Structure formats: structure tokens, C-alpha cells
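Given the structure is predicted, the values throughout are model-derived calculations rather than measurements. Throughout, a chain's letter reflects where its sequence line sits, starting with A, and its residues are numbered from 1.
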Amino acid sequence: MPQYTEKVIDHFMHPRNVGEIENPDGVSTITNPACGDTMMLQVKITGNVISEAKWRTLGCSVAIATSSIASEMMTGMKLEEAEKLSNKAIADALGGLPRVKMHCSVLAADALKDALKDFYTKHPDKKPYTVAK
Amino acid sequence: MPQYTEKVIDHFMHPRNVGEIENPDGVSTITNPACGDTMMLQVKITGNVISEAKWRTLGCSVAIATSSIASEMMTGMKLEEAEKLSNKAIADALGGLPRVKMHCSVLAADALKDALKDFYTKHPDKKPYTVAK
Amino acid sequence: MADGKVIYMDHAATTALHPEVLEAMTPYFSQLYHNPSSIYGPAQLARKGLDEAREGVASVLSSRPAEVVFTSGGTESDNSALKGAAMALKQMGNHILISSIEHHAVLHTCHWLEKLGFETTLLSVDKYGLVNPDDVAKAITDKTVLVSVMYANNEIGTVEPISDISKAVRARAKVLNRSIIMHTDAVQAAGYLDLNVDKLGVDMLSLSSHKFYGPKGAGVLYIRRGTPFTAQEMGGTQERNRRAGTENMPGIVGTAAALKRAERSREANVKHVQALRDQMIAGIEDTISRVRLNGHPTKRLPNNVNFSFEMVEGESTLVNMDMLGVCASSGSACTTASAEPSHVLIAIGQAMDIARGALRLTLGEENTKEDVAYVLSVLPGVIERLRAMAPVK
Amino acid sequence: MADGKVIYMDHAATTALHPEVLEAMTPYFSQLYHNPSSIYGPAQLARKGLDEAREGVASVLSSRPAEVVFTSGGTESDNSALKGAAMALKQMGNHILISSIEHHAVLHTCHWLEKLGFETTLLSVDKYGLVNPDDVAKAITDKTVLVSVMYANNEIGTVEPISDISKAVRARAKVLNRSIIMHTDAVQAAGYLDLNVDKLGVDMLSLSSHKFYGPKGAGVLYIRRGTPFTAQEMGGTQERNRRAGTENMPGIVGTAAALKRAERSREANVKHVQALRDQMIAGIEDTISRVRLNGHPTKRLPNNVNFSFEMVEGESTLVNMDMLGVCASSGSACTTASAEPSHVLIAIGQAMDIARGALRLTLGEENTKEDVAYVLSVLPGVIERLRAMAPVK
Ligand SMILES: Cc1ncc(COP(=O)(O)O)c(C=O)c1O
Ligand SMILES: Cc1ncc(COP(=O)(O)O)c(C=O)c1O
């Protein structure tokens, strides 16, 4: 049923940043309640920038492709920006997703928010004031 | 829907014995309650034989074809035989009729019986003893 | 005909698949055969064909593509429309309003619904077969959930004032503060009349592809967005859950190709068949006595000719015309054990004995003036011959 | 594949129309296009084609021709069978018995019937998907009017003991002194299993032509003489009042041609695909760890391979295989907003997380040993790659 863009296929077939980080600053493992896809995300934070992102995902091709492109997008991002990275932006970066697959793009966006939360919990002082508490 | 034999078509397109007899010995005009077809039959009787038969029919092609072939069949028939001429025999003489059209063959058989009844009513003495009263 | 050519004048019964339509269908038989719901690449081509077909149909109906549901034909479209709307609104009322000259696909579906507790009112028509919008308004009760009036009648060709009827239905629905669904059976209208669903003001509309040079076993049910509808073919999630079943891709693509083609050539085709129709009507009236034109003189399909001939049985006329190379049809069909006369001819007030003598000639794009002239050259003789055989004059 | 060839292994979804079948259909598009119900000569050729098609189908089912009803496909056959029987017997009871692994065309039709007051019991199956005839007998109540168990499951290929189930149903019906109709959905069985309706002991049987190299949008519903049946498509008197609508002649003729062809080549085809199936099953079990074969090891369709792979999502496997030129299918489809796992895999007791990883490969007559070898050469790598990406090992 779904018609995938070349970008989706590219990131699914050649996923970037798969794996773990040795001493991650923020980690998250979340499951999409809609379809059971699971993503583990680890980020390294240098100053107020995400300097590295690694992930592992069990899910459909779109879940994998969004994990991959999201990890590229967040790398180099300021925490403030990263907080605001939406699933829509991730889907757009892939050239769009079939309507019925949009829910898959939530996984990566949620994992990122969750990993940052983990980081702020460990380092409350690093929390930018723009982020709601 | 119906598949007609060549005989049906021949008798429909070239009907035999259409018309009236000047001084008929037996006459009948009956209507098939099933479909409203109407047949008028006139017979001339010489001794105990139908020597002439003429008819007029308003009805479907099968009603016309059965009228035509029945008029041929009855001509020259002994009254005893004619009494027994069945719609099945008439249909068979046409090479068979589609199942849904069998009811049309009743018209000619019934008209014949009715015309003979008319004849016997006028000439009770001519009634063959084999015919039920 | 003398040269063995057959003149087909029964286009209301069915039409030949147009070669252009077959050409559009052909790739979907054995090359793009994949199930459009499948995930792999080749199935995406089928999916694309499906989407484009839907857009093509929508463009002719001036509807949204998502409002187009592909079905197995006019009968299914009518059945699904009536059952789907009635069942969805069962809590709101059990009254259905249809004209007394609907096709059996509508009439008998109402009988089916009666088993489920629905009640049907048959609207009477005038001597031309016309439904009066005021009568529709008056017949609507506080139990009415559905009104179905055909766009054009298949026997006598009368074209109903659908947009006026829709307006009347909407006005009454507003007063009664209830939702009443308006359906039209446009099976005979396609290719001849404007199918713009907004102008017609209908919520649902039925089409049958083989009536406009498309494939048999394929049709369309238009369902306006927001119309309550209970699906009648249950199963997979095809057609947005309104019609389950693996998509009949050749049929669907053929439907779109045929409908677009019919719309494109509509104006020219109407002009063409209407001239033939008028030639035929005038010719019959000129040369044969004791005939009456069935249907409306002007509010009729441009390709429909329907006459009742006194003192002849329609079937005999048909068989005789067949022998002369002309394919036509009759209102009454003495084919079943009990010959039911046409409910349409009875509804327009024709006596049984006259209704039996109906002859329908429905013209098509391949018919010519010569065809009509030929029919006119033989028909008077046929009627005369049959009348000469009749017992009463 | 390296050379760009696509290997189609989704024959349970649909098949390509066989050229021989298209050839049989072709005259009915634009030459013998006439309505077989019409009276004139040319229509008799269509009528003849219709009659012969019916006889052809009957010969494969070992039934009377009059018991064969042509429909628009498997979905309609299933819908009409269940609704037609249930509605006809409504006065006798409101209980329907089906297996829990029926196709949605049966399952959802039961939901539709529930709106009309019917109640459905879902029979559980064993870990192979088998229905126990004793369970059927036990579940029959004094309200049961209809039992429907599929001949072969479309996902896992399990072949049900239909004749034993029919016997159990008849025995119970006799004891209860009531008539209980036995229907089987044989959509996946056609071309692989014996369709003799007397041996199967069924009252009704559904077929879908595009599953055996026939046309899409066409199917068969067998209805044993004397079976109570309320028609679901109302309208004209076609199909002896059991299915209205102008006959889809190309579809009907194609159905007969395809079914006769399938029966003729059945033995050889079974042998062919079964060898491939066994090669595929053995190959997957040999080269990939943490897999389980879904369905019965021997009581399964000769063309069905269905495995669950732990720690992978089926959709990912499919997309990856598609990239490698292989068309396959999955039990679970993460295509809708809420991903429902396959009700069949859940019914055979599979945990949700494993059911998600199912891959179905359904073989067809054009598949070769080389095709299977190719799939076996790439599939382990695909599974390995996906598992390597998974967060849990
Ligand atoms: C007005 C009308 N409605 C419905 C139908 C049914 O269409 P089909 O026979 O193609 O299913 C027909 C034609 O038979 C028709 O003329
Ligand atoms: C077992 C079974 N029943 C019914 C159907 C429905 O058939 P169709 O989609 O051709 O209407 C299918 C296939 O989709 C099937 O596999």
C-alpha cells in the first residue's frame, strides 16, 4: 500500500548512525503504542549541542528510515532546537510519508524528547530556560 | 432469452392456415391466462375427420408458430385423435420449445379442445363414445 | 438486412466494449496484475492506476476522488446505495420513497429492505413518466430516511427533474430537521446527460460501465462525503471500507476510460443520436397507425424510442425484426411463465393489452441514418403482417 | 535480482490472468457483447457462452450447472453465502458458527449480520490452525442455522478437514431435527485441492477467479439445490434470481476457462509448487535461526510458506525483499494507524511481538527452483541485517 520516497528507501537500506555510544549523556528506549515499534536512542551532548546520536530500532521500514534521518538531523543541533524537532519535520526531510505511515515518524521525535529529558534529569543545570518544566 | 428452433421461426415467419372458414363446424376463441395471448380457431369437420382448420392469433412468436403447426397437425385428423392432441406433441412437432415458453403451446391445444366441444354441443350425435362427457 | 449486416438498436441493454477502452484495460490483465493493496514496487503501479481511475471518474462527476466507489455494476451500486443508506439510518426512520418506474435493482432492493422493517412508498408518475417534485415533498414523512428517483428511465427514456427533486427533499429535510439521503440511478443517463453531482444535488449516484461502452461487471457508486453508509460488501479495507474485495483493476480502469470518453464525446454523440431518434419517431408516426409514443416527447433520453403498437405482441415484433437483422427490445417480456407486463408502462397508465405491444429502440454512436431508414422500411410491414394475423381488428 | 527480474511469490494475493484465459474472454468484449437475456439472434451466442461456462464450472465442482452462481468475486460469494443463508433461515434460528481464522470477508459479514440480530461463535483452532470437527458439533445449538469453515487458510495455508466437519454438522442437524447450512470459503483451495462438493459435503462454496489465473472481479458461489437462500443482489432475474445484474460475460467465461485449466493441470501444478515449497521451508529452517513455521507441517496448501521471524518486523522484511526483487506478503500489516496483528496468527497462539515478524511466500506455476534458491540466498542476510538494527537481541 505505501508509496515510499527514494529517501525513505535510502535510509531504510543504508541506515546511518546505528549502534550505541560508549558514555551517552541522554538515553531513551520507547515503544510506539500504535504499532509496537521500539526505538533506543543515545545522544552525546557537548556544550549545548548534540554532538553524536546513535540508535537501534525494531520496526517497519519507515520507523527505521525516520530513526536514521532523525539521527542525522539532531547531530549538531542546539538543545533548544532539538527540543522542537517535530515528527512533521522528520517526515518532510524524508520527502514525505504516506498518510497511513505518519504515525511511525512520531517514534524518533518522541525518543529524542525522551533522551533530552533523561539528560536534563541528570544535569538539571543544563536545561535551557525556554524549555517548559 | 429463448432459443427457437428453425421450425418455430419458419412457422412464425410463414404461418400456415391463417384466416377464417366460411361455415365452420366448430369455433373457439380463447385467451391464455398466463400471458394474455388470444387465439381464434375454426374447424371444418367432414365425417369424423377435421378437414380444414383456420386460425388467427395475437400473441408471441411461439403462440403464432404453435397455432400454425397445430392447424397443420389437426387437418386430416380423426376427432378421437384430435381430442388427444397435446401441447407436448405440438411443441415436439416444432422441434421443442424453451422451457419458459412451453406455456405458449397450451393455447393451440386448448383452442382445439374448445372448438371440438363447440362442435359436439351443436352435434351431440357426432360425439365419439371414447370422449368423456 | 439484405447483406447480412446486423443493426444493433438495444444500447440501453448493453453496449460493445470500445476498443479504446479495452486498450486501457489490457495492461492490467497480465502485466500490472498485482494487488494494489500490496506493499512491493510492482503493486504501486496498480495502485497508481487505481488512483488515476478514481480521479478520472471524479472529474466527470465533479466530485472528490474519495467519494467514488467502484462496484461490480449498476445493480450492485443500486443495492448498496439503498441498503447502505437505509441500514445506516435505521435508528432515524424506516421510510423509503422511490418512484414507481424505478429499475428492478431499486424496486426489488426495497422489497429486500422491507424484510428488515423498512416501508416503501411508490411515487406515482404522470402519463409521460414524470415525477413531480411537489409529490416527493408531500410524501416525505418524519420517518423518511431515503429518496431514490432515477435520472432517466431505461424503458421509456423519460428524464426526471432530479435537481428539483433534490431541492424539494433538502427543503423538507430542513423543515423536519432530519437527514434524508437522496440517491439517483443514473445508469441510463451516463453519456447523455450532465453527471455533475452538485448540480444534481444528490448524495448518491449509480453508474453501470457497460451502458457507456465500458466493461461489463463494473460500475460506480458515488457517495457524497459525510453520507451515512453501511458497507454491503464486507471483507478487506478496499475502497475506504465501503466496498470490500480485491479490486477489479481492468474493470476499474475501463470504467474510468469509458466514462471520460463518454463525457468527452457527449455533446457530439447526443446530437448524433437525437437526430436519429427524431427521424425514427417521425417515421414511425408517419407510417404506422394506432401507435403511441411512450415517455415524454422532449424530456427524454436522446437515444430512446419507445412505441406501443396496438394489436401486436411486442415479442413477435422483436422476433420478426431479429429475422430482418434488427436487434431491439420490448417493455413486456413474455418469457417467464406468468407474463408480467412492464411496470413502467402500467405506471404511466397504459392498459395491459396495449402495454404488451411495446417496442424499444435505443440508439448508439455507431448507428446511422441508413440504419434508421432501413428500420423504417421494414417495421410497417412487420406490424401489418402481425396485425393481419390477429383475431380482433 | 541482479538482472532486474522480479520474482512474484504472492500468489495468494492475486495471480496474473493467463493468456489462454484472456483468449477465451476476448470474443465477449466487443463481438459477442450482447446481453444474454435479450431475444435476438446475436444474444443467443452470449447465452450459449454463459450456459457453457456454467457447465464448465459445474464439471469441476461435480455439481449441477444450475447450482453454479456467478458473482463478482470471493468477497461477494462469501457475503452472499452467509447473508443469503442466514436471512433465509432467520425464523429458524440466529446462530452462526465460524472458525476464528476465517478471511475478513466471512468474519466481517458476521458482524454485519449481528446488526440484524444474529450471533456468531468463533471456533478456536489448534496451534496449526486446525478446526476440530468435534468442536464444531459441540458448538452447534438449537439456534444454529449456518456453519462456515474455510477450506484452506489464506495466511498460513492450513487445510481444514471440511468433509469431516460437514459430516459432524449433518449428524448434529439430524439429531436436532433442523437444517443447518454448511458453507466453505474455498478461495485459496482452488487449483490445489479437490473441489468436489459432494465429497466435501458442503451446501455452499465460494471461489474467486483471480486466485487461479482467472479474471479479477469474478467468482463463483455454489449453492446446492434446495438450500434456503435469500438473494443479496436484487434486480433482474439473472442467475435464476440468485444474483441480479447484467452478466459479466468476459468474467464468467474467463472464470470457467481458468477453473477448467486449473483443474486440468492441478496434479502437475501441485507437484511443482509443493517441491518448491518444501525446498523453501527446509532452506529457511536451515539457514535462519529463531524462526517458526506457521501452519501445519503437512496439512497445508502446497504453495504456502509462512514463517515468523523473531526480532524483525514483517513490513521491513517485505520492503527489503522488494528492493531485492522479491514480491512477498506479511501476516501483520503496519499500514493502518493502529497496527492490528494478524487475527490468524493470534488465533494459533502466537504472541503479538512474534506475530509481527511473519513473512508469507505463496508460490505459483511460473516460479522455479532458481527463484527459490535466489530467495534463500538473500533472505538470511535481510533478516540478519534487520536483527542487527534491533535494540534487543
Ligand atoms: C436504470 C437501470 N438501473 C440499473 C440497471 C442495472 O445495471 P446492471 O444490469 O449493469 O447491473 C440497469 C440496466 O440493466 C438500468 O437500466
Ligand atoms: C480465503 C479468502 N476468502 C476470500 C477472499 C476474498 O476474495 P476477493 O478479494 O477476490 O473478493 C480472499 C482473498 O482476498 C481469500 O483469501
- Quick one: which residues of residues 82-91 of chain C reach chain D at under 4.5 angstrom, heavy atoms only?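 Near chain D, by residue number: Lys83(C), Met87(C).
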
Among [options], which residue forms the greatest number of heavy-atom pairs with chain C at distances under 4.5 Å?
options	answer
Gly41(D), Gly73(D), Gly74(D), Pro19(D)	Gly41(D)
Gly117(D), Pro215(D), Gly245(D), Ser80(D)	Gly245(D)
Gly219(D), Ala244(D), Gly235(D), Ser208(D)	Gly235(D)

Got a second to check how far [X]'s [atom1] is from [Y]'s [atom2], nearest 0.5 Å?
X	Y	atom1	atom2	answer
Ser72(D)	Glu233(C)	OG	CD	5.5 Å
Thr14(C)	His34(D)	OG1	NE2	9.0 Å
His103(D)	Thr109(D)	NE2	OG1	10.5 Å
Leu318(D)	Met323(D)	CG	CE	11.0 Å

- Query: For His11(D), which of Gln188(D), Glu366(D), Glu365(D) qualifies under side chain to side chain contact (heavy atoms under 4.5 Å, CB included)?
  - Reply: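 Testing each of Gln188(D), Glu366(D), Glu365(D) against His11(D), the sole residue satisfying side chain to side chain contact (heavy atoms under 4.5 Å, CB included) is Glu366(D).
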
Is it the backbone or the side chain of [X] that comes under 4.5 Å from a heavy atom of chain C, or both, or neither?
X	value
Ala328(D)	backbone
Gln232(D)	both
Thr230(D)	side chain

- Message: With heavy-atom distances below 4.5 Å as the criterion, would you say the side chains of Thr26(C) and Leu22(C) are in contact?
- Response: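 SC-SC contact between Thr26(C) and Leu22(C) confirmed.
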
- Query: Can a cation-pi geometry be assigned to Arg242(D) and Phe229(D), taking NZ or CZ under 6.0 Å from the six-membered ring centre and within 45° of the ring axis?
  - Reply: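 The answer is no, since Arg242(D) fails at least one limit relative to Phe229(D).
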
- Item | Option in His210(C), Gln31(C), His108(C) with maximal non-hydrogen atom pairs under 4.5 Å from chain D |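 Highest number of heavy-atom pairs under 4.5 Å: His108(C).
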
- Item | Main-chain N/O of Tyr213(D) paired to Thr15(D) side chain as donor or acceptor, under 3.5 Å |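 Present.
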
- Query: Which answer fits Ala231(C), side chain, backbone, both or neither, if we ask what part of it has an atom under 4.5 Å from a heavy atom of chain D?
  - Reply: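 Backbone only.
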
- Task: Measure distances from Asn79(C) to the heavy atoms of chain D and classify the residue's part below 4.5 Å as side chain, backbone, both or neither.
- Result: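 Contact with chain D involves the side chain of Asn79(C) alone.
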
- Which residues satisfy the ring-ring contact (aromatic ring centres under 6.0 Å, His included) test with Phe118(D), sequence neighbours excluded?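 Phe118(D) satisfies ring-ring contact (aromatic ring centres under 6.0 Å, His included) with no other residue.
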
- Salt-bridge present (Arg356(D), Glu315(D); N to O < 4.0 Å):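 Looking at Glu315(D) together with Arg356(D), the answer is no, because their closest N to O distance does not fall below 4.0 Å.
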
